[in-house]
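Here's the structure we're looking at; comments come further down.
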Amino acid sequence: MKGTILTIAEHRQNSLREVTFELLALAHELGKAQGLESVCLLLEGEEQSLEGELKGWCERVLVLKAKGLEVFNQEIWQAVILKVMGDRRPFMVLFSHTPWGMDLAPSLSVSSGYPLATDCVSVVIRDGTPLATRQIYGGKLFAEVSLRPSGTYLISLRPGSMRVENPFGLVTQIESLMGIEIPQKTKKVFKEFVDTGAGEIDISQAPFLISIGRGIGEREKLEEIKELAERMGALISCSRPIVDKNWLPKYHQVGTSGKTVKPKVYMALGISGAFQHVAGIKGSPTVIAVNKDKKAPIFRVAQYGVVEDLFKIVGALKETLGG
Amino acid sequence: MDVVVCLRRVPFTQEVDLEIDKGQRQILAENLAFVLNDWDNYALEEAISLKERTKGTVTAITVGTEEDEEVLRRALAMGADTAIRIDSEGLTLDPRNIARLLARVIRGLRFHLILTGAQSDDLNEGCVGAMLAEELGLPHASVVNKIELGEDVLEIKVELEGGIEEISTIKLPCLLTIQTGINEPRYVSVMGIRKAAKKELKVVTIEELSLDKEALVPDVYVERLFYPPETGGAEILEGDPHIVAEKILRILRERGVIS
């Protein structure tokens, strides 16, 4: 029997998450090289039919359709995946390193006894075992990790790690899963989704953003930046620490848990450039970064960099613009 | 409500150049400052504030060396009642084994809720919490940014991607991993930490947990560390601030965002 790479599909509000296709891209790449079948496991509600979107992306989709599978629930997902892993003995199972994946993969690793490497950015297979690359210390270093020898390996992938364009043109078989019991009572019960993104301004449409991060140091300094933004006709956005400290409302936040922006120019002041932040500015053609730390990861994605105290630059910009 | 909070001490690496040691598997830690992991600081504040609201207790736990006790002293100063360090005895422990050790100790404690940070600043694995919950057979949720108390249940918010949050209920006892920004961690004075030095800090060895060191085989093994591959990177604008400002303004005009 051909070995398999099993990908766990993630969907929300009736659409597959982009990261699912990234996982399938990784499964396809590894599968082609190793002669493994790429199989996607889709758990969905009775009224849903997301399997259509997966055509061409993998060789097989295992679909389990039932009431209660409209929204992710770790307890249900874990029970079903354990059963599927037991029946099919995949060589590798791929998860997304998202809040839901972070809930599911580690717990499944313990209950199945299979080793897990989380938050990987790339995976290769060498001598029959996976070698994964992870980013550590905020992206300042990379680590290559191996896993304890096992029949099945679990990997969770950082969203944004794989480039996804078009389906691979694979002939996809859709197979319905039968006879799997779904836990009816769970200890965690979903209530609703809320959108925190709405606010007085919409940074996602702005042509010019001046974005601030931890580097501004004090709340009072925000005024200086506001003045500059006003003079230049820019909107203010920020990275996560500014919202965590309550210095700006959530709708200013750029990144995976905030907004995705695509301004003509994104000027990042005192932002180190954690991947969660950088993921939100991929659509911006020009990023100008000002940071004291010459090793800050933001300089790896910026087109222009200034290694300097941001307030010296802010002051000089104001003076140069004149009164 | 009795809360157990798991803490980790991590190197402070912002604006610091990291060096890889000769063995290629670790960083050179000698010249680094160490702090409480940021996510854990929020988890700790949440634990203390729950204790204050419900007249409960807080137990802070870490796995590590004597130096790591620093984060426990901080927890005691913030209001934790007891602190436990599981001695790592020079072992490099992966998340699975850290979860295993924590579970052994926590199983013997009285608690309603376990909190951990959603991830750690250093290795970013984000999995000890959910592993620990599974070891203990507890329901769990990851990346929680709001907790409201109910009768034998909590109402929680989980921060998803794209500004969407998930509201759900979860039965106690349970484990939650905490996202930054859930609260405003209180300030801890040096004086407070000094005073807390008198509070009891318990040390547990691996042997006392009836675990065999040899059996703590890691699931994940670091083969090597390396520096990020060189990319094109940014064109660095040099010169004194006024010259740099001129250059920036020229770019902004070229891109048509200022006139």
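Reminder, nothing fancy here: chain letters follow the sequence lines and each chain counts from 1.
- Comparing B:Gly181, B:Ser120, B:Pro95, B:Ala234 by heavy-atom pairs within less than 4.5 Å of chain A, the highest count is held by B:Ala234.
- Side-chain contact, B:Glu159 with A:Ser257: a donor N or O sits under 3.5 Å from an acceptor N or O.
- Only the side chain of A:Gln276 comes within contact range of chain B, judged by heavy atoms closer than 4.5 Å.
- Listed in order of number, the residues of residues 146-155 of chain B that approach chain A to under 4.5 Å between heavy atoms are B:Glu155.
- Here the straight-line distance linking atom CD1 of A:Ile210 with atom CZ of A:Arg231 works out to 11.0 Å at 0.5 Å rounding.
- Between chain B and the residues A:Tyr251, A:Tyr304, A:Tyr114, the most heavy-atom pairs under 4.5 angstrom are made by A:Tyr304.
- Looking at A:Gln74, only its side chain comes within 4.5 Å of chain B, counting heavy atoms on both sides.
- Checking side-chain atoms of A:Thr196 against main-chain N and O of B:Gly163 turns up a donor-acceptor pair under 3.5 Å.
- Between the side chain of A:Ser112 and the main chain of A:Leu108, a donor-acceptor pair closer than 3.5 Å is present.
- Comparing A:Lys294, A:Arg214, A:Lys312 by how many heavy-atom pairs each has under 4.5 Å with chain B, the most go to A:Arg214.
- When heavy atoms are compared at a cutoff of 4.5 Å, B:Ala141 approaches chain A by way of both its backbone and its side chain.
- Interface summary for chain A: among B:Leu123, B:Leu138, B:Ile258, B:Val222, the most heavy-atom pairs under 4.5 angstrom belong to B:Leu123.
- Interface remark: A:Val243 contributes no atoms to any contact with chain B (heavy atom separation under 4.5 Å).
- Both the backbone and the side chain of A:Ser111 come within contact range of chain B, each with at least one heavy atom under 4.5 Å from a heavy atom of that chain.
- With a threshold of 4.5 angstrom between heavy atoms, A:Glu10 approaches chain B through side-chain atoms but not through N, CA, C or O.
- Contact count versus chain A (heavy atoms, under 4.5 Å) is highest, among B:Val143, B:Ile164, B:Ile182, B:Leu225, for B:Ile164.
- Of residues 31-40 of chain B, those residues lying under 4.5 Å from chain A by any heavy-atom pair are B:Asp38.
- Taking a cutoff of 4.0 Å between a charged side-chain nitrogen and a carboxylate oxygen, A:Lys188 and A:Glu75 do not qualify as a salt bridge.
- Both the backbone and the side chain of B:Asp122 come within contact range of chain A, judged by heavy atoms closer than 4.5 Å.
- With values rounded to the nearest 0.5 angstrom, B:Leu101 atom CG is found 11.5 Å from B:Cys6 atom SG.
- Closest approach of A:Gly305 to A:Phe299, counting heavy atoms only: CA-CE2, 3.6 Å.
- Options A:Ser109, A:Pro99, A:Pro207 differ in how many heavy-atom pairs under 4.5 Å they form with chain B, and the most are formed by A:Pro99.
- When all heavy atoms of A:Pro106 and A:Gly101 are compared, the closest pair comes out as CD-O, 3.7 Å.
- The minimum heavy-atom distance between A:Gly217 and A:Trp247, with the atom names listed, is O-CH2, 3.3 Å.
- Proximity to chain B (any heavy atom under 4.5 Å) is shown, for A:Thr186, by neither the backbone nor the side chain.
- Heavy-atom pairs under 4.5 Å with chain B peak, among A:Ser146, A:Ala316, A:Ala274, at A:Ser146.
- Chain B forms the most heavy-atom pairs under 4.5 Å with one residue out of A:Val189, A:Thr118, A:Ile136, and that residue is A:Val189.
- The heavy-atom pair separating A:Leu147 from A:Pro115 by the smallest distance is CD2-CB, 4.0 Å.
- No donor-acceptor pair under 3.5 Å is formed between the side chain of B:Arg9 and the backbone N or O of B:Gly64.
- There is no contact between A:Lys259 and chain B, counting heavy-atom distances below 4.5 Å.
- The backbone N or O of B:Glu135 sits less than 3.5 Å from a side-chain atom of B:Arg107, completing a donor-acceptor pair.
- Residue A:Glu192 touches chain B through both its backbone and its side chain, counting heavy-atom pairs closer than 4.5 Å.
- Most heavy-atom pairs under 4.5 Å with chain B: of the set A:Met267, A:Gln253, A:Arg240, A:Glu308, this distinction falls to A:Arg240.
- In this structure, the side chain of B:Arg100 does not engage the main chain of B:Leu132 through any donor-acceptor pair within 3.5 Å.
- Only the side chain of A:Asp119 has a heavy atom closer than 4.5 Å to any heavy atom of chain B.
- Residue contact with chain B, scored on non-hydrogen atoms closer than 4.5 Å, involves the backbone and the side chain of A:Leu317 alike.
- Proximity to chain A at a heavy-atom threshold of 4.5 Å picks out B:Val244, B:Ala245, B:Glu246, B:Ile248, B:Leu249, B:Ile251, B:Leu252, B:Arg255, B:Gly256, B:Val257 from residues 243-257 of chain B, in numerical order.
- Proximity to chain A (any heavy atom under 4.5 Å) is restricted, for B:Gln119, to the side chain, taken from C-beta onward.
- Looking only at atom types and distance, the side chain of B:Asn183 has a donor-acceptor partner in the side chain of B:Glu46 under 3.5 Å away.
- Only the side chain of A:Asn246 comes within contact range of chain B, judged by heavy atoms closer than 4.5 Å.
- Residue-level contacts of residues 19-30 of chain B with chain A, in order of numbering, are B:Ile20, B:Ile27; threshold 4.5 Å between heavy atoms.
- Heavy atoms only, all atoms of each residue included: A:Gly215 and A:Phe311 are closest at O-CE1, 4.4 Å.
- The distance from the CD1 atom of A:Ile298 to the CG atom of A:Asn291 is 8.0 Å, given to the nearest 0.5 Å.
- Of the atoms belonging to B:Pro228, heavy atoms from both backbone and side chain fall under 4.5 Å from chain A.
- For the residue pair A:Ser107 / A:Gln78, a side-chain donor-acceptor distance below 3.5 Å is found, with atom types taken as modelled.
- Distance check, rounded to the nearest 0.5 Å: CG of B:Leu216 to CG of B:Asp94 gives 9.0 Å.
- Proximity to chain A is limited to the side chain of B:Glu184, based on heavy atoms less than 4.5 angstrom apart.
- No side-chain donor-acceptor contact under 3.5 Å links B:Asn124 and A:Gln135.
- Remark: the backbone N or O of B:Pro218 is not paired with any side-chain donor or acceptor of B:Tyr221 at under 3.5 angstrom.
- At a 4.5 Å heavy-atom cutoff, the contact between A:Lys140 and chain B is made by backbone and side-chain atoms alike.
- Chosen from B:Asp240, B:Val128, B:Ile156, B:Val16, the residue pairing most often with chain A at heavy-atom distances under 4.5 Å is B:Val16.
- Of the two parts of A:Ala302, the backbone and the side chain both hold a non-hydrogen atom closer than 4.5 Å to a non-hydrogen atom of chain B.
- Interface remark: B:Arg96 contributes side-chain atoms only to the contact with chain A (heavy atom separation under 4.5 Å).
- If you measure heavy-atom distances from B:Val158 to chain A, the contacts under 4.5 Å come from the side chain alone.
- Atoms CD and OG, on B:Glu15 and A:Ser272 in that order, are 9.0 Å from each other to the nearest 0.5 Å.
- Residue B:Pro229 touches chain A through both its backbone and its side chain, counting heavy-atom pairs closer than 4.5 Å.
- With a 4.5 angstrom heavy-atom cutoff, A:Thr260 does not touch chain B via any of its atoms.
- Rounding to the nearest 0.5 angstrom, the gap separating the CD1 atom in B:Ile61 from the OG1 atom in B:Thr116 is 12.0 Å.
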